[in-house]
Trainee: 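Can you keep this structure in mind? I'll have questions shortly.
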Amino acid sequence: MVDPLAKALADPSVSADARQKLQHVQDVLHADPQAQLISLFFEGEEPRAAVAFGDFDGADLIVVVLHGIDTDLAAFPAWAEIAQDLCADTIRASLLRGGSARIATVAWFGYDSGTHLSALATKHATVGAARLAGDLVRMRHRHPSARIAVLAYSYSSTLFGELVLLDGAGPVSMAFSIASAGMTRMAADAVAAGISAREFSFYATEASTDATAPLGRLGAHPVDPRDIEGAIVYSSDGGPIPGSGGKQGEATDGHASRTEVDDRGVRHRGYFDRRAQAYLFAVERLGRLAARRRKL
């Protein structure tokens, strides 16, 4: 069987920029023996990919991690680390409840997330939702008994709304909206209907210091997912993690996915920092989901 990544890297017609991005994926795959490339394609000259971590072949729970705007495979190593950490921490949270260790995460880079300007519209989210819908169907076909969860960060929360509106979220049992750029009113209504019908559980959070997420809601997708009827709203501002036995999480400072240090040496904790309340809450809920036996 031909390795699609090796084939792309050997193709002389692939640009230097694309080749460097593909090399990032290759480096992550080589460094992690369990990592699997589950999709790879080109959108024009731009490569798109998805990589699974953990026990993807035997998974009882698959967690799909979605990135926000201005993000492509150049940022893949950082998001791969997020997905790897999430996999390991969710396994631990599940085992503490006597649940499954057969858990996988997927760093999904299957769409053009656009720019700060294009993020005011829904075009990129709608195209991305259609692609994700196809990948979710393939995951469900390959793993008919597995639960599937989605962690949608920033503009990809808009994508998740479009996914539900397109009737593509059928395989999803649990979803998280983290620092959302907002949803359209039709998408928000569709999410509310899905929650009401118990098709999936839906969690939403945003740090009080996040000045970027609200800007996304000034465009064509003005609904804050925290305002959707039935959404379970949780804090990113630091504090206890319900159901964790007294564990405390730290506050997210700003909008970043990962912790950053500014020019003055000040540390700004990101949403996916392993000590962040937002991250620890998601891990606790995912661990609980993995510990449940799927009803067939």
Side-chain angles (χ1 to χ4, degrees), residues 1-57 59 62-87 103-115 118 124-143 146 148-160 162-163 168 171-172 257-258 272:
M1 184 175 179
V2 177
D3 179 348
L5 182 54
K7 183 179 178 181
L9 283 167
D11 186 342
S13 68
V14 172
S15 70
D17 178 68
R19 192 181 309 280
Q20 184 176 41
K21 291 172 181 176
L22 292 170
Q23 189 61 53
H24 287 318
V25 178
Q26 183 79 290
D27 291 344
V28 167
L29 290 169
H30 283 168
D32 185 342
Q34 279 195 298
Q36 292 187 46
L37 180 70
I38 59 174
S39 74
L40 176 66
F41 67 96
F42 280 82
E43 186 175 10
E45 294 187 355
E46 188 68 32
R48 312 284 181 208
V51 173
F53 303 94
D55 189 3
F56 186 67
D57 291 329
I62 300 169
V63 185
V64 183
V65 182
L66 310 179
H67 63 78
I69 62 167
D70 278 333
T71 303
D72 56 28
L73 288 173
F76 186 75
W79 280 90
E81 186 175 342
I82 288 172
Q84 289 166 318
D85 289 345
L86 184 66
C87 186
I103 294 169
T105 54
V106 175
W108 192 80
F109 276 63
Y111 82 121
D112 175 4
S113 56
T115 66
S118 66
H124 292 275
T126 303
V127 172
R131 289 184 181 157
L132 179 58
D135 281 357
L136 291 174
V137 167
R138 283 184 282 275
M139 288 181 203
R140 169 59 69 237
H141 179 74
R142 182 171 175 177
H143 308 280
I148 297 176
V150 172
L151 263 71
Y153 164 72
S154 194
Y155 186 66
S156 63
S157 174
T158 309
L159 184 158
F160 180 76
E162 296 302 293
L163 178 75
V172 178
S257 57
R258 289 167 57 85
F272 292 96

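Here the structure is a predicted model, which is why all the values come from computation and not from measurement.
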Trainee: List for me each residue that meets side-chain hydrogen bond (donor to acceptor under 3.5 Å, both in side chains) alongside Asp57, sequence neighbours excluded, and say none if there are none.
Mentor: Gln36, Arg142

Trainee: Do the side chain of Arg131 and the main chain of Thr126 share a donor and acceptor less than 3.5 angstrom apart?
Mentor: no

Trainee: Just how far is it from atom NE2 of His67 to atom CH2 of Trp108, taken to the nearest 0.5 Å?
Mentor: 7.5 Å

Trainee: For Arg258 versus Ala78, what's the shortest heavy-atom pair and its separation?
Mentor: NH1-O, 3.4 Å

Trainee: Determine the minimum heavy-atom distance between Ala35 and Val51, stating which atoms define it.
Mentor: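 For Ala35 versus Val51, the nearest heavy atoms are CB-CG1, 4.2 Å.
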
Trainee: Treating Ser113 as the side-chain partner and Gly68 as the backbone partner, does any N or O pair qualify as donor plus acceptor under 3.5 Å?
Mentor: yes

Trainee: Among Ile62, Ile148, Val150, which residue meets the side-chain contact (heavy atoms from CB on, under 4.5 Å) test with Val106?
Mentor: Ile62

Trainee: Using only atom types and a distance under 3.5 Å, with no angle test, would you say the side chain of Ser156 pairs donor to acceptor with the backbone of Leu159?
Mentor: no

Trainee: Side chains of Leu136 and Arg140: does their closest heavy-atom pair fall under 4.5 Å?
Mentor: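 Contact flag for Leu136/Arg140 side chains = no.
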
Trainee: Measure centre to centre between the rings of Tyr111 and His124, then say whether the value is under 6.0 Å.
Mentor: no

Trainee: Looking at side-chain heavy atoms only, is the closest gap between Arg138 and Ile38 below 4.5 Å?
Mentor: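 They are not in contact (no side-chain heavy atoms under 4.5 Å apart), so the answer is no.
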
Trainee: Taking NZ, NE, NH1 and NH2 as the nitrogens, is one of them in Asp17 or Lys21 under 4.0 Å from a carboxylate oxygen of the other?
Mentor: yes

Trainee: In this structure, are over 12 heavy atoms from other groups packed under 6.0 Å from Gln20 atom CD?
Mentor: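 No, not enclosed.
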
Trainee: Taking all heavy atoms of Pro171 and all of Gly168, pick out the closest pair and write down the distance.
Mentor: CD-O, 3.8 Å

Trainee: Once rounded to the nearest 0.5 Å, what's the spacing between atom CZ of Phe56 and atom CE of Met139?
Mentor: 5.5 Å

Trainee: Drop me the distance from Phe53's CZ to Cys87's SG, to the nearest 0.5 angstrom.
Mentor: 9.0 Å

Trainee: Between Leu73 and His24, is a side-chain contact (heavy atoms from CB on, under 4.5 Å) present by the stated rule, with each step listed?
Mentor: CA-CA 7 Å; Leu73 288 173; His24 287 318; 5.8 Å; no

Trainee: Looking only at heavy atoms, which two atoms of Ser118 and Tyr155 are closest? And how far apart?
Mentor: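 Heavy atoms only, the tightest pair is O-OH, 4.3 Å.
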
Trainee: Does the Arg19 side chain pair with the main chain of Asp11, one donor and one acceptor, at a distance under 3.5 Å?
Mentor: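 Indeed, once roles are kept as given, a pair shorter than 3.5 Å links the two residues.
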
Trainee: Ignoring hydrogens, what is the shortest heavy-atom contact between Thr115 and Asp70? Give both atom names and the distance.
Mentor: CA-OD1, 3.6 Å

Trainee: Can you tell me how far CG of Leu86 sits from CZ of Phe272, rounded to the nearest 0.5 angstrom?
Mentor: 8.0 Å

Trainee: Walk me through whether Thr71 and Phe109 qualify under side-chain contact (heavy atoms from CB on, under 4.5 Å).
Mentor: CA-CA 9 Å; Thr71 303; Phe109 276 63; 3.8 Å; yes

Trainee: Can you tell me how far CG of Leu22 sits from CZ of Phe42, rounded to the nearest 0.5 angstrom?
Mentor: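 These two atoms lie 4.5 Å from each other.
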
Trainee: For the OG1 atom of Thr105 and the CH2 atom of Trp79, what is their distance to the nearest 0.5 Å?
Mentor: 12.0 Å

Trainee: Going by side-chain contact (heavy atoms from CB on, under 4.5 Å), Leu66 matches just one of Leu163, Leu132, Leu151. Which one?
Mentor: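 Running side-chain contact (heavy atoms from CB on, under 4.5 Å) over Leu163, Leu132, Leu151 with Leu66 returns exactly one hit, Leu132.
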
Trainee: Using the rule given for side-chain contact (heavy atoms from CB on, under 4.5 Å), can you reason through Asp112 versus Glu46, listing the C-alpha separation, both sets of side-chain angles and the distance that settles it, and then say yes or no?
Mentor: CA-CA 9 Å; Asp112 175 4; Glu46 188 68 32; over 6 Å; no

